[in-house]
Number of protein chains: 2
Amino acid sequence: MSTPKHVTIKEIARRAGVSHSTVSRALNNLPVVAPETAARIRALAHELGYMPSATARTLKTNRSRVLGVIYNRIADPFYSEVLAGIQSVVHRYGYSVFVSAFEYDPRREEGLIRTMAARQVDALLLCSTTFTAQRLQEMGGLPIPAVFVHNRATDVLPHSIYHDDRSGTRALTQHLLELGHRRIAFGGNARGGLLHEQRRQGVVDALAEAGLRLDPAYDLMAPDGQMRSGAILAEQVLACSPRPTAILCFNDMQALGLMQVLQTAGLRIPDDISVAGFDDIPLAAFLYPALTTYHQPQWELGELAAQAALHMLGEPVTDPRATFDVITLQGRLMVRRSTAPPPVP
Amino acid sequence: MSTPKHVTIKEIARRAGVSHSTVSRALNNLPVVAPETAARIRALAHELGYMPSATARTLKTNRSRVLGVIYNRIADPFYSEVLAGIQSVVHRYGYSVFVSAFEYDPRREEGLIRTMAARQVDALLLCSTTFTAQRLQEMGGLPIPAVFVHNRATDVLPHSIYHDDRSGTRALTQHLLELGHRRIAFGGNARGGLLHEQRRQGVVDALAEAGLRLDPAYDLMAPDGQMRSGAILAEQVLACSPRPTAILCFNDMQALGLMQVLQTAGLRIPDDISVAGFDDIPLAAFLYPALTTYHQPQWELGELAAQAALHMLGEPVTDPRATFDVITLQGRLMVRRSTAPPPVP
DNA sequence: TTGAAAGCGCTAACAG
DNA sequence: CTGTTAGCGCTTTCAA
């Protein structure tokens with residue numbers, strides 16, 4: 001049950017009657033060592049349950065084969081999927097990941113970056129929508145290679161990967177327009193930073209193309225992108241007069257919370273009011289009604305981010321896009337059951 | 001932009017005109033060193049942007065201040081919350097966490113345990129519902145201290161923390177019984193292992209107390225605890241004749257998927273059929289109708305698991321329960337809007 | 001093909 | 001109060 005006495009290469013060397021460097025070579029499959037010797041050493045290592053010390057190796061080689069992932073909220077369905085994507089590739093390369101979240105606290109974010117650096121991660125995956133050039137300046141640059149995920153930080157760092165949100169909400173708005181909606185509301189995210197601006201802009205774009213503008217009364221704002229914000233938004237929608245016939249939420253989480261309140265108030269979706277989300281988190285397809293939204297490839301975002309980092313570290317990658325400095329992903333419109341033509345008055 | 005030349009204590013020592021051990025002492029706040037010297041050293045360290053190498057420290061002290069968290073699916077709302085709880089305490093202690101998931105592959109699970117050990121984590125948090133005594137035997141024991149989370153593995157390891165699921169489904173079933181339901185179905189999870197058994201048993205218990213039994217026609221089984229399984233379950237429910245008036249799902253995710261299909265089929269919840277979940281993931285309260293479920297304290301589960309691990313490592317913990325070998329958490333019934341008396345025939 | 005030796009950055013006796 | 005020394009487990013010259 002207790003620690004089974006740590007076996008080192010020295011111990012193996014002693015038992016095999018060779019030097020520890022030979023053991024090191026054998027275990028690392030360096031071709032120089034004599035086949036029989038190598039076989040004997042490997043057998044012994046296996047028998048003794050030898051485990052190489054990643055710590056020692058890291059100290060010596062200056063490479064840890066560890067990636068650091070930093071993001072905002074640990075329990076976010078969107079980033080959970082991104083993380084799953086990251087893990088799937090990282091695992092194939094024999095890397096491990098440190099994961100931590102800064103819970104919207106920039107000071108903590110900086111602390112995490114330093115901790116990760118002290119722990120000698122090879123690269124950082126920064127899933128922060130709020131990191132800015134200014135912040136980077138204050139920190140005096142990043143101590144390790146990093147790729148920005150989900151943040152168009154090209155002005156700050158060469159490596160970033162993000163989704164074209166603006167086209168997304170534009171497509172979504174066009175869809176609503178085509179259905180005949182004119183009174184379209186947008187639910188913002190006060191914490192959304194660049195994401196908020198991009199998504200809102202997409203709505204404005206589409207509206208402008210149709211010769212319309214985003215009515216200030218329908219230009220709503222919620223504190224964040226969580227479910228509760230959706231509920232808050234719903235109250236605002238209910239208070240509007242005339243009521244919008246469609247509302248496009250910052251993301252699916254908001255849409256979810258919004259739908260509940262609207263439905264509880266007796267409104268039928270989509271008959272009385274159409275609702276659209278953004279992101280297409282796995283949940284979206286399972287809501288009632290199934291949510292119309294814009295699909296962002298979350299898993300792929302994670303996979304590519306990880307590959308981009310690995311590429312920077314000199315690992316061979318399969319996806320050619322991972323070799324680009326800036327990667328823009330395109331999503332696609334997912335029309336489901338929560339949107340329909342506006343009710344006839 | 002690039003690596004700003006790593007500063008070590010030797011470098012600081014050179015510049016301060018002292019030995020590197022003095023630097024080490026000063027930086028670790030050992031009281032022996034002269035105040036002025038210490039101040040000078042610390043100033044210098046700050047100025048040079050010194051970062052201690054956690055790797056070197058780990059190698060020397062045999063303590064990494066890293067915990068390994070292993071679980072099944074990376075993108076699971078339940079475990080996301082648990083992980084958030086873990087992180088919240090771990091962060092306070094200056095620990096970091098490796099996170100990885102084995103995606104229902106036992107071989108991979110074992111591999112992860114070995115990797116974590118090689119990376120010298122101080123303790124393991126095993127959120128595996130499928131790990132068994134036999135598996136442990138085959139592995140020849142765990143190489144590092146571990147606490148089992150969400151698995152009553154007392155026969156295997158001294159340290160485990162879990163929730164009393166059986167009482168949970170029992171309370172849920174009693175609630176349904178009190179509402180007047182008699183045709184109560186249970187949605188199982190073929191992958192659920194012990195959890196499945198416990199939850200199903202709670203239903204059987206409550207039914208037996210009421211002089212009833214779980215009708216085999218209502219003793220349903222879905223492949224897993226995901227949303228899609230809920231949809232599968234819904235088809236089974238719809239095919240039942242007579243139809244159950246209430247269904248208790250393995251967890252909230254199932255309930256979610258089930259509700260959508262039922263609602264799409266034109267059934268009103270709870271008017272036509274009552275639905276209950278299990279876990280009370282944050283989402284549950286925001287569904288329409290808000291889901292009746294049994295609250296498992298997910299965050300607390302994570303917090304306590306982390307504290308239990310930290311306690312094993314000799315760290316002072318605040319929650320006295322964390323010093324127990326086996327911790328059982330109690331949840332509570334959350335009656336919301338998805339359950340009501342059965343329809344009058 | 002193998003061994004001896006150095007050293008990664010740090011902590012911790014032990015001496016002074 | 002401070003310096004010297006050794007060594008954590010490994011990789012990697014350099015010689016043999």
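Note that these values count all heavy atoms, side chains included, but never hydrogens, waters or copies made by symmetry. None of these values were measured; they are calculated from a predicted model. Note on naming: letters A, B, ... go to the chains in the order of the sequence lines (proteins, then strands), and numbering restarts at 1 for each one.
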Going by heavy atoms closer than 4.0 Å, what residues in residues 39-65 of chain A are next to DNA chain C? A/L59, A/K60

Would you jot down, in residue-number order, the residues of residues 8-32 of chain B having a non-hydrogen atom under 4.0 Å from DNA chain C? B/T8, B/I9, B/K10, B/H20, B/S21, B/S24, B/R25, B/N28

Going by side-chain hydrogen bond (donor to acceptor under 3.5 Å, both in side chains), A/H150 matches just one of A/Y79, A/Y71, A/Y162. Which one? A/Y79

Among B/E300, B/Q307, B/H311, exactly one meets side-chain hydrogen bond (donor to acceptor under 3.5 Å, both in side chains) together with B/R321. Which residue is that? B/E300

Quiz question: by atom type and distance under 3.5 Å, do the side chains of A/Q87 and B/S100 form a donor-acceptor pair? no

Less than 3.5 Å apart, any donor N or O on the side chain of A/N29 or A/R42 sitting next to an acceptor on the other? yes

Which nucleotide span of DNA chain D, 5' end to 3' end, has atoms closer than 4.0 Å to non-hydrogen atoms of chain A? D/dC8 to D/dT13

Does A/E11 come within less than 4.0 Å of A/R15, counting only side-chain N to carboxylate O? yes

Closest approach of [X] to [Y] (non-hydrogen atoms, all atoms of both residues):
{"X": "A/I144", "Y": "A/A117", "value": "CD1-CA, 4.0 Å"}
{"X": "B/H163", "Y": "B/P297", "value": "CD2-CD, 4.0 Å"}
{"X": "A/H6", "Y": "A/M51", "value": "NE2-O, 4.0 Å"}
{"X": "B/D122", "Y": "B/S64", "value": "OD1-N, 3.0 Å"}

Between the side chain of B/N72 and the main-chain N/O of B/Y104, is any donor-acceptor distance below 3.5 Å? yes

